[in-house]
Protein chains: 2
Amino acid sequence: MHTQAIEDYLREIYALQERDERATTSTLAARLDVTAASVTNMFKKLAALNLVLHEPYKGVTLTPAGLKAALEVVRHHRLIELYLAEALGVPWDQVHDEAEKWEHVLSEDMEDRIDAALGYPTTSPHGAPIPTRDGTVADRPYRSLNELEPGQTVEIIEVSDRDPALLRYLGELGLYPRARLEIVSNNPYRGTVLRVNGVECTLGCDVARHIFVESVSDIPRE
Amino acid sequence: MHTQAIEDYLREIYALQERDERATTSTLAARLDVTAASVTNMFKKLAALNLVLHEPYKGVTLTPAGLKAALEVVRHHRLIELYLAEALGVPWDQVHDEAEKWEHVLSEDMEDRIDAALGYPTTSPHGAPIPTRDGTVADRPYRSLNELEPGQTVEIIEVSDRDPALLRYLGELGLYPRARLEIVSNNPYRGTVLRVNGVECTLGCDVARHIFVESVSDIPRE
DNA sequence: CGTTAAAATTAGTCTTAACTAAAAATAGCT
DNA sequence: AGCTATTTTTAGTTAAGACTAATTTTAACG
Ligand SMILES: [Mn+2]
Ligand SMILES: [Mn+2]
Ligand SMILES: [Mn+2]
Ligand SMILES: [Mn+2]
């Protein structure tokens, strides 16, 4: 197992790549709350360990080995998020921060026990896919809420787990994964107006961009 | 919260004092698997932080502040041991090693949730008392198995959690806390012969010394 | 195209907590 | 008491991973 610092960097690099964003020095610095110089140091170390490819002044990309290691951490992280929510009733806006600490101390045996206790789940409380033990992740060809046409009815697949205040707000509105909503209007400046459970509400563009949905027609209803 | 290293030292110092053993440099070095020089360094740091009183060449003693900090870690440790055993079915010989890692990442909120989920328990799977949240521990005026007279019937209160192989062996014999047994004979050289669940078995002196019991007559039977 | 602002890297420092090797203190034994 | 073995401490290194300040590279703009 890698050090906690390395695991944290790998997790955040993966989180960026997962959203097709570039893993640059400044982005990592902001996400991990360290200075840019510290990130450059770590980029070099990760490159020396063959976990990333470092293109100076451009950023890093996970190597196959780095991706494998990152998915291991992400699996721990998301399993723990779900376990805390299901087994201990932790609100969904708190599970991410706790999981950031727990993910580093989870042995493979505990991972398996938690996995089994949860019934081999496939998604976190925020709807993010849980990588399998051998390191595969479900594809997510989903669209953001801010890309949709008015009139469409969609189901929420995943929401960003990074902002507790936003998660609390979404929770109040009932905007959890599997919730269905209708797009009332969508405007890049004024935001997205939607109807959920009969209630209309407006979400800013930067919020709507972090909510991923699927057209209801594409989903087989059970 | 203190660093993980400091928490580990405090926990082990407490574990020794709890059994009325002295916390010396060499003992800590053996328990934490570090060199004696490292322990001396840490003793100085702990003394500077007013967590221990360091008498050079004699060892350390927890100060009131050190005891409070140690009990906080021990509470986390024992709550987690019990939680892993109860909620995830982890065998009692494995919970100690896992808890050694988890104890450092447990927030107060998770501590409370685990405490509640377990119904506010008072002892770990090994029978060790769980300190309360405000830092008090039950007294344990118990005797070791190797101090007893033949013919006595006693109830196991606590067993040492430090040796997984021993715990597995005791588990096979049914020698868990609350188990009752009868002393058949007791000899400082040949060990303790006892009868449990109708089966006779012998335990070496160094094993019997780490099993703590109470006379059955002293225990109100529910 | 040249100037400037932003981003990234380099160089050097600091803290934590290990380590080895050498020196000092204590304890045990005749 | 005096010698010896053990224990402890001291002194000096090392590695990880952060930091600041200075420098270099890239991007942006008139
Ligand atoms: Mn998360
Ligand atoms: Mn794993
Ligand atoms: Mn334990
Ligand atoms: Mn606590």
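Each chain gets a letter, A, B and so on, in the order its sequence line appears, and its residues count up from 1.
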Identify the 5'-most and 3'-most nucleotides of DNA chain C with at least one atom closer than 4.0 Å to a non-hydrogen atom of chain B.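 Listing 5' to 3', DNA chain C meets chain B from dT16(C) to dT26(C).
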
Quick one: does V74(A)'s side chain get under 4.5 Å of E103(A)'s, heavy atoms only?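 No, every pair of side-chain atoms sits at 4.5 Å or beyond.
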
Taking side chain as C-beta onward, heavy atoms only, is L106(B) less than 4.5 Å from I114(B)?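 Counting from C-beta outward, L106(B) and I114(B) do come under 4.5 Å.
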
Does the pair R11(A)/E100(A) count as a salt bridge with the N-to-O cut at 4.0 Å? yes

What pairs meet the side chain to side chain donor-acceptor pair (under 3.5 Å) rule with one or both residues in residues 33-43 of chain A, with sequence neighbours excluded? T35(A)-S38(A)

Would you mind listing every ring-ring contact (aromatic ring centres under 6.0 Å, His included) that reaches into [range], with sequence neighbours excluded?
| range | value |
| --- | --- |
| residues 115-142 of chain A | W92(A)-H126(A) |
| residues 8-59 of chain B | F43(B)-H54(B) |
| residues 94-119 of chain B | W102(A)-W102(B), H77(B)-H96(B) |

Taking for each residue the nucleotide of DNA chain D with the nearest heavy atom, is it Q4(A) or Y57(A) whose nucleotide lies nearer the 5' end?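 The answer here is Q4(A).
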
Restricting to salt bridge (Lys or Arg N to Asp or Glu O under 4.0 Å), what partner residues turn up for D97(A), sequence neighbours left out? none

Selection: residues 100-107 of chain B, any non-hydrogen atom under 4.0 Å of DNA chain D: none

Those residues of residues 40-56 of chain B lying under 4.0 Å from DNA chain D by at least one heavy atom: T40(B), K44(B), H54(B), P56(B)

Among L170(B), V213(B), L145(B), which one satisfies side-chain contact (heavy atoms from CB on, under 4.5 Å) with I156(B)? V213(B)

Output all residues satisfying side chain to side chain donor-acceptor pair (under 3.5 Å) with T192(A), sequence neighbours left out; order by chain, then residue number. N186(A)

What residues from residues 9-37 of chain A pass a heavy-atom cutoff of under 4.0 Å to DNA chain C?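 Close to the strand are T24(A), T25(A), S26(A), A36(A), A37(A).
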
Under the salt bridge (charged side-chain N to carboxylate O under 4.0 Å, His left out) rule, what pairs show up with a residue in residues 14-24 of chain B, not counting sequence neighbours?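 Listed by first then second residue: E18(B)-R78(B), E18(B)-R140(B), R19(B)-E158(B).
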
Using distance only, find each side-chain donor-acceptor pair of residues 61-70 of chain A under 3.5 Å and give its atom names and separation, not counting sequence neighbours.
| unit_1 | atom_1 | unit_2 | atom_2 | d |
| --- | --- | --- | --- | --- |
| T63(A) | OG1 | N50(A) | O | 2.7 |
| T63(A) | OG1 | L51(A) | O | 3.1 |
| T63(A) | OG1 | A65(A) | N | 3.4 |
| T63(A) | OG1 | G66(A) | N | 3.0 |

